[in-house]
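In what follows, a single structure is set out as structure tokens and then discussed.
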Amino acid sequence: MDIKQELVEMLNQALRLEYRARIQYLSHAESIKGQNAEKIIERLKEIAADELEHEKKFRELIGGYLGGEPVMTMEPAEAAGELKDILAVNLKQEKEAIDLYKKIYRKALDSREQLQYEFEVIEHELRHVIMDEEEHVSELSLIMGK
Ligand SMILES: [Fe+2]
Ligand SMILES: [Fe+2]
């Protein structure tokens with residue numbers, strides 16, 4: 001398969017994960033109650049805003065740089081009731097996202113020659129998204145007390 005087409009498919013899976021993450025954070029935020037709820041809700045909404053930025057970046061890479069079509073479907077979301085479940089589900093999914101994005105990142109690095117007019121942008125954007133997700137892992141871990 002053509003490398004650009006391959007990256008489009010991988011980035012479309014990344015985009016599905018971003019849609020899920022944003023919707024899930026916003027939805028989960030509404031069921032948080034109790035002590036410190038306000039602070040945690042605010043933080044989850046800020047993370048959701050980061051995911052929105054990631055969606056934009058991925059859509060631009062797919063459409064603007066790789067000649068593909070961004071998906072409009074999301075990965076199925078997971079329900080979670082209690083705060084500890086909410087944190088655990090999202091932490092697990094953040095790590096899954098990082099694993100996938102690093103795979104895409106390595107694929108781009110390996111294909112540097114074939115991405116003559118796209119490589120730097122793809123490399124830059126992916127690296128920054130990965131850095132944000134690593135920050136999310138750290139923040140969720142902090143709230144969990146880990
Ligand atoms: Fe994200
Ligand atoms: Fe994230």
Side-chain angles (χ1 to χ4, degrees), residues 3-112 115 118-146:
I3 178 63
K4 289 188 187 173
Q5 210 180 318
E6 221 174 315
L7 285 172
V8 163
E9 283 189 14
M10 294 176 98
L11 284 167
N12 264 329
Q13 180 55 22
L15 187 52
R16 284 186 199 99
L17 297 186
E18 290 295 339
Y19 289 148
R20 168 174 72 181
R22 176 170 54 87
I23 299 293
Q24 216 175 258
Y25 277 120
L26 291 175
S27 180
H28 286 171
E30 295 303 325
S31 54
I32 294 172
K33 306 270 186 299
Q35 222 182 357
N36 299 321
E38 221 169 338
K39 273 215 161 106
I40 296 170
I41 290 168
E42 192 186 324
R43 196 55 209 121
L44 295 189
K45 288 183 177 175
E46 279 167 15
I47 295 179
D50 289 344
E51 313 301 13
L52 177 63
E53 291 306 310
H54 300 164
E55 290 172 25
K56 288 183 193 163
K57 285 176 194 279
F58 287 158
R59 275 194 301 269
E60 281 169 16
L61 291 180
I62 292 165
Y65 290 88
L66 294 164
E69 205 177 312
V71 290
M72 291 181 274
T73 52
M74 65 182 255
E75 195 71 9
E78 280 184 58
E82 304 211 0
L83 178 60
K84 72 171 188 9
D85 299 325
I86 289 175
L87 295 171
V89 161
N90 289 287
L91 182 61
K92 179 191 73 178
Q93 292 181 6
E94 288 284 352
K95 289 179 176 172
E96 284 169 9
I98 291 173
D99 291 344
L100 174 65
Y101 302 172
K102 287 193 175 177
K103 220 167 114 184
I104 306 173
Y105 186 78
R106 282 194 296 271
K107 166 81 67 186
L109 288 186
D110 291 343
S111 318
R112 191 180 184 134
L115 298 168
E118 302 88 9
F119 176 76
E120 274 70 18
V121 173
I122 294 172
E123 189 275 337
H124 176 94
E125 299 291 26
L126 267 172
R127 187 153 45 82
H128 280 262
V129 172
I130 291 169
M131 286 164 66
D132 283 350
E133 309 302 10
E134 289 180 348
E135 203 179 295
H136 296 167
V137 165
S138 151
E139 284 163 344
L140 293 176
S141 305
L142 186 72
I143 302 172
M144 281 174 102
K146 281 189 178 171

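Just so you know, ligand 1 is whichever comes first in the structure, and atom 1 is the first atom listed for that ligand.
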Hey, are Glu53 and Lys57 close enough for a salt bridge, meaning a charged N less than 4.0 Å from a carboxylate O?
->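 Here Glu53 does not pair with Lys57 in a salt bridge, since their nearest N and O are not under 4.0 Å apart.
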Inspect the contact between Glu118 and Lys4 and indicate whether a charged nitrogen and a carboxylate oxygen are less than 4.0 angstrom apart.
->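 So Lys4 pairs with Glu118 through a salt bridge.
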Restricting to N, O or S atoms of His54, which is nearest to the Fe ion (ligand 1)?
->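 Looking only at N, O and S atoms of His54, the one nearest the Fe ion (ligand 1) is named ND1.
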Taking the N/O/S atoms of Glu133 one by one, which is nearest to the Fe ion (ligand 1)?
->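 Considering only N, O and S atoms, Glu133 comes nearest to the Fe ion (ligand 1) through OE2.
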From Glu134 atom CD to Met131 atom CE, the distance as rounded to the nearest 0.5 Å |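 Between Glu134 CD and Met131 CE, I get 8.0 Å after rounding to 0.5 Å.
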Would you mind naming the N, O or S atom of His136 nearest to the Fe ion (ligand 2)?
->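 That would be atom ND1.
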Decide, counting backbone as well as side-chain atoms, whether Glu18 has an N, O or S atom less than 2.8 Å from the Fe ion (ligand 1).
->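 Coordinating: yes.
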Using a distance-only test with no angle check, is there a side-chain donor-acceptor pair under 3.5 angstrom linking Glu78 and Gln93?
->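 Looking only at side-chain atoms, Gln93 and Glu78 do form a donor-acceptor pair, the distance falling under 3.5 Å.
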Can you tell me the angle formed at the Fe ion (ligand 2) by OE2 of Glu51 and OE1 of Glu94, to 10°?
->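 Here the angle at the metal atom is close to 140°, to 10°.
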Side-chain touch Glu133/His54, heavy atoms, less than 4.5 angstrom =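 In short, these two side chains touch, coming nearer than 4.5 Å.
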